[in-house]
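Excluded from the calculations below are hydrogen atoms, water molecules and symmetry mates; all remaining heavy atoms, backbone and side chain alike, are included.
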Amino acid sequence: VDETPTPEFGSDVGTGLPELGSVSPTDSAAAWRRVERWLGDGAARYDSERDRVDRPVTSQLSIDLKFGSLSPAALVAEVGRSDPGPAALVRQVAWRDFWAQQMWHGLGSDPEPKQWRADAEGLDAWKRGRTGIPIVDAAMRQLAAEGLIHGRVRMVAASFLVKHLLIDWRLGESFFRRHLRDGDPAQNVGNWRWVAGIGPGSAPWFRVMNPVLQARRHDPDGEYVRRWVPELAEIEGADVHAPWELPDEVRSGLDYPQPVVDLAFGRERALAAG
């Protein structure tokens with residue numbers, strides 16, 4: 001297995017400030033209108049449905065929090081904690097503060113997995129949404145188009161890169177950092193490290209998300225995938241999540257790549273490298 005040189009975190013100085021466009025900071029009044037809208041609509045379903053990537057249940061407040069037009073403390077005070085939905089949102093805000101504290105106090109020097117792979121083709125396929133894994137490709141295409149994707153598919157796409165492809169998490173973190181409209185260094189680095197099993201509060205390295213199971217659970221009818229992977233628009237229901245399992249006569253007519261890695265093989269390789 002080829003090993004890629006370990007990049008020094010912080011050595012990437014970027015390419016200057018991006019064009020703001022639709023990323024412009026929002027004013028406080030607009031942010032609070034979004035809070036009230038969520039309390040009247042998504043809050044009641046948030047605890048049970050927040051991981052559904054095919055439904056508009058999340059608060060959509062991450063950009064407001066990033067730019068400071070909404071204070072985390074004021075948000076928590078407003079939504080309260082007595083009902084399941086608001087209480088679940090408060091826990092997510094607590095995670096946000098946790099990563100900010102970790103960044104403030106230093107990220108530590110936890111050991112990395114021993115064998116990051118040099119895989120330029122796999123990395124490129126991941127960036128372009130051409131991995132052959134529909135939920136991963138949908139996430140990456142939405143990221144390119146909108147600069148904002150659901151937290152669940154962020155984790156699935158990150159896990160696929162780090163675990164199934166065994167590519168250094170910092171390469172994925174850098175790509176997300178350049179494209180996310182709500183990109184916050186502490187949150188982005190913290191959550192990528194979480195996926196990679198590095199640092200306090202992280203998922204263990206042996207936790208390898210199965211993207212097909214994740215897709216079937218959180219996009220059960222395939223609506224999210226079909227929206228962003230139009231090559232699979234004619235595949236009905238949950239079959240869209242694993243097109244390689246379709247009959248040969250159906251699969252041969254699809255203008256969609258085969259998976260860049262066998263999921264079972266990628267999982268075993270990741271466990272062996274951890």
**Student:** Tell me, do R141 and V229 make a side-chain contact under 4.5 Å, heavy atoms counted?
**Tutor:**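 Yes. Closest side-chain heavy atoms under 4.5 Å.
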**Student:** Are side-chain heavy atoms of P211 and L263 found at a separation under 4.5 Å?
**Tutor:** yes
**Student:** Give every donor-acceptor pair under 3.5 Å between a side-chain atom in residues 79-98 and any protein atom, sequence neighbours left out.
**Tutor:**
{"unit_1": "R96", "atom_1": "NH2", "unit_2": "L65", "atom_2": "O", "d": "3.1"}

**Student:** Among all residues two or more places apart in sequence or in another chain, which pass the salt bridge (charged side-chain N to carboxylate O under 4.0 Å, His left out) test with R50?
**Tutor:** D47
**Student:** Checking N188 side chain against E173 main chain: does a donor-acceptor pair fall under 3.5 Å?
**Tutor:** yes
**Student:** Taking the six-membered ring for Trp, are W126 and F160 ring centroids under 6.0 Å apart?
**Tutor:** no
**Student:** Is there a donor-acceptor pair under 3.5 Å between the side chain of N210 and the backbone N or O of V212?
**Tutor:**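 Checking the backbone N and O of V212 against the side chain of N210, a donor-acceptor pair under 3.5 Å is found.
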**Student:** Quick one: sort the Y46 and W38 rings into parallel, tilted or perpendicular, breaks at 30° and 60°.
**Tutor:** perpendicular
**Student:** Looking at R152 and H218, would you say the former's side chain and the latter's main chain have a donor-acceptor pair under 3.5 Å?
**Tutor:** no
**Student:** Is any side-chain N of the basic residue among R130 and E231 closer than 4.0 Å to the acidic one's carboxylate O?
**Tutor:**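 Yes, R130 and E231 are salt-bridged.
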**Student:** Could you tell me whether a side-chain N or O of S174 sits under 3.5 Å from a main-chain N or O of R170, the two making a donor and an acceptor?
**Tutor:** no
**Student:** Charged N to carboxylate O below 4.0 Å: is that the case for D248 and R251?
**Tutor:**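 Yes.
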**Student:** Looking only at atom types and distance, does a side-chain atom of K163 sit under 3.5 Å from a main-chain N or O of V195, one as donor and one as acceptor?
**Tutor:** yes
**Student:** In terms of side-chain geometry, is the basic nitrogen of D41 or R37 positioned less than 4.0 Å from the acidic oxygen of its partner?
**Tutor:**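 No.
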**Student:** Distance-only, no hydrogens or angles: does the S69 side chain make a donor-acceptor pair with backbone N or O of D64 under 3.5 Å?
**Tutor:** yes
**Student:** Kindly compute the distance separating CZ (R216) from CD1 (I135), expressed to the nearest 0.5 Å.
**Tutor:**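 It is 12.0 Å, given to the nearest 0.5 Å.
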**Student:** Drop me the distance from W169's CH2 to S159's OG, to the nearest 0.5 angstrom.
**Tutor:**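 OG of S159 is found 15.0 Å from CH2 of W169.
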**Student:** Could you check whether any side-chain N or O of H241 sits under 3.5 Å from a backbone N or O of D219, counting only pairs where one atom can act as donor and the other as acceptor?
**Tutor:**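 At least one qualifying donor-acceptor pair exists.
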